[in-house]
Amino acid sequence: MAEESDLERTEPASPKRLEKAREEGDVPRSRELATVTVLLATGIGLVAMGSHLNDSLKTSLSTGLSFDRAAAFDSVYLLSRISDSLSALLIAFAPLALLLLVVAIASPALIGGWIFSGKALMPKFGRLNPIKGIGNLISKNSAVELVKSIIKAFVVGTVAYIVIAHDLDPIMSLSTHPVHKAISHVSDLMLMGFLSIVGALVLIAVIDVPYQLYQYANKLKMTKEEVRQEAKELEGNPQIKARIRQQQREIARRRMMAEIPKADVVITNPTHYAVAIKYKDDSMRAPVVVAKGADAIALKIREIAAEHNVLTMEAPKLARALFAHTELGDEIPEALYAAVAEVLAYVFQMRIFKRSGGFRPEMPTALPVPEALDPHSLLPAASTAEPEVFA
């Protein structure tokens, strides 16, 4: 059952899948919306420029039919008159044609947006398969388109019938009107009928647009297995990423261990934490943490320090504060300058003592570590042991 569930397309399309579909020219489209926008633009253009177009037509018609007897036998003159009339008509209708061109180009932006894809122009020979073609004829999408066409024809026919029935008497009486009035009345009737039918098509487009968006989203749905596979491709295999992180930690740990022999002192707690500090007064503004660790790593730090004769000093509060408030390569916090300065002074004095002899320096006690920096400061059983040195 789990395998069947993984193969069902129940997950919404990912951004990557949507982008891939867009690159292939597959975006939601509504032919009804495109048709309605062009028809609406046509109606608005006719309303706005109707009088101008009417005057241009009348002028062109009267000019074209007004010529003398000699001009009727002059073919060059007639061709010139026809050319002038056509040019005048083209100029008159140019604004309307430009409006329709702009609307036809802009209408796809209403749903799906503009897209230019060369993949959509590539030939797909699978479409030549007659069996697949027959399957497309009886598909669910074909059935929906058939139902839409029937509904559209019914709606348009109903609206046209209502418009004609409403204006039937004026239409029948047109023959009794003067010609110029009859033509004007016919134009008004045709324009109102046109706008009524377009209004009905707007209703169809309002229903078709959400359906096309739903159908597009449903077509691009993904299975759970596809979602997992895409996540692996985008983010990488989790097991491989975990292995890479482990290797990175190992490299960082080896690099850290290589810095311990160069440290001046290792401060411990005494077994839970270990922090190695290094300071060079000629190149460092403040002491720097070169290694730190807890439990097993702290033990390894102490072992390496012992192998390379790096002084190890037990100072629980200072070790905890350094471990909690520093990272590798960080300078120590300013609030710990005094405590670390006492430790380093003792370290340098011990080096002189071991090299030249003399009086053994006194070990620093009661290091000035602010309680706010000690993670265990609120614990009732906080350690109060005096610092102890392991040479």
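Just the heavy atoms: all of them, side chains too, but no hydrogens, waters or symmetry mates, feed the values below.
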(request) Kindly indicate, with the supporting measurements, whether the criterion side-chain contact (heavy atoms from CB on, under 4.5 Å) is fulfilled by R320 and H272. (result) CA-CA 9 Å; R320 291 193 298 264; H272 292 300; over 6 Å; no
(message) Working note: V290 + I277, criterion side-chain contact (heavy atoms from CB on, under 4.5 Å); need CA distance, chi angles, decisive distance, verdict.
(response) CA-CA 6 Å; V290 296; I277 293 177; over 6 Å; no
(request) Evaluate the criterion side-chain contact (heavy atoms from CB on, under 4.5 Å) for residue pair I332 and Y337; output intermediate values, then yes/no. (result) CA-CA 7 Å; I332 64 172; Y337 278 3; 3.7 Å; yes
(request) Output, in order, the C-alpha distance, side-chain angles, deciding distance and verdict of side-chain contact (heavy atoms from CB on, under 4.5 Å) for E32 and K148. (result) CA-CA 10 Å; E32 311 303 332; K148 282 170 51 180; 4.0 Å; yes
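Open room surrounds CZ on R31; 12 or fewer heavy atoms of other groups in view lie less than 6.0 Å from it. Atom CD of E250 has more than 12 neighbouring heavy atoms from other residues, nucleotides or ligands inside a 6.0 Å radius. Residue M192 qualifies as open at atom CE: its count of foreign heavy atoms under 6.0 Å is 12 or below. More than 12 heavy-atom neighbours from other residues, nucleotides or ligands sit within 6.0 angstrom of CD on Q247. Residue Y214 places its OH atom among 12 or fewer non-hydrogen atoms of other residues, nucleotides or ligands, all under 6.0 Å distant. Counted within 6.0 Å of CZ on F353, heavy atoms from surrounding residues, nucleotides or ligands total more than 12; the atom is thus considered enclosed.
Ion pairing between E19 and K16 fails under the 4.0 Å rule for side-chain N and carboxylate O. Salt bridge annotation for K300-D295: absent, with no cationic side-chain nitrogen under 4.0 angstrom from a carboxylate oxygen.
No single ILVMFWY cluster, assembled from side-chain heavy atoms under 4.5 Å apart, contains both L201 and I44. A continuous path of Ile, Leu, Val, Met, Phe, Trp and Tyr side chains, each step under 4.5 Å between heavy atoms, connects L322 with M284, placing both in one hydrophobic cluster.
With P316 as the fixed residue, the side chain to side chain contact (heavy atoms under 4.5 Å, CB included) test singles out one of V369, I267, T268, N269: N269.
Atom CD of Q212 and atom NZ of K219 lie 9.5 Å apart (nearest 0.5 Å). Between the CZ atom in R17 and the CD atom in E11 there is a gap of 12.0 Å [rounded to 0.5 Å]. With rounding to the nearest 0.5 angstrom, the OH atom of Y273 is 13.0 Å from the CD1 atom of I301. Summarising the geometry, atom CG belonging to L220 is positioned 10.5 Å from atom CD belonging to Q215; distances are rounded to the nearest 0.5 Å. Distance check: L39 CG to I197 CD1 gives 9.5 Å after rounding to the nearest 0.5 Å. Rounding to the nearest 0.5 Å places CG of D208 at 11.5 Å from CG of L203.
For the pair E331/P287, no side-chain contact is recorded, criterion being any heavy-atom separation below 4.5 Å from C-beta on.
Without hydrogens or angle criteria, H325 side chain to P333 main chain gives no donor-acceptor distance under 3.5 Å. Remark: the backbone N or O of P12 is not paired with any side-chain donor or acceptor of K221 at under 3.5 angstrom. The backbone N or O of V265 lies less than 3.5 Å from no partner atom in the side chain of K278, so there is not a single donor-acceptor pair.
The shortest heavy-atom contact between L96 and G45 is CD1-CA, 3.9 Å. P368 approaches P370 most closely through the heavy-atom pair O-CD, 3.6 Å. Summarising the geometry of L367 relative to A339, their closest heavy-atom pair is CD2-O, 4.1 Å, with the distance given to 0.1 Å. When every heavy atom of L99 is checked against every heavy atom of A41, the shortest pair comes out as CD2-O, 3.6 Å.
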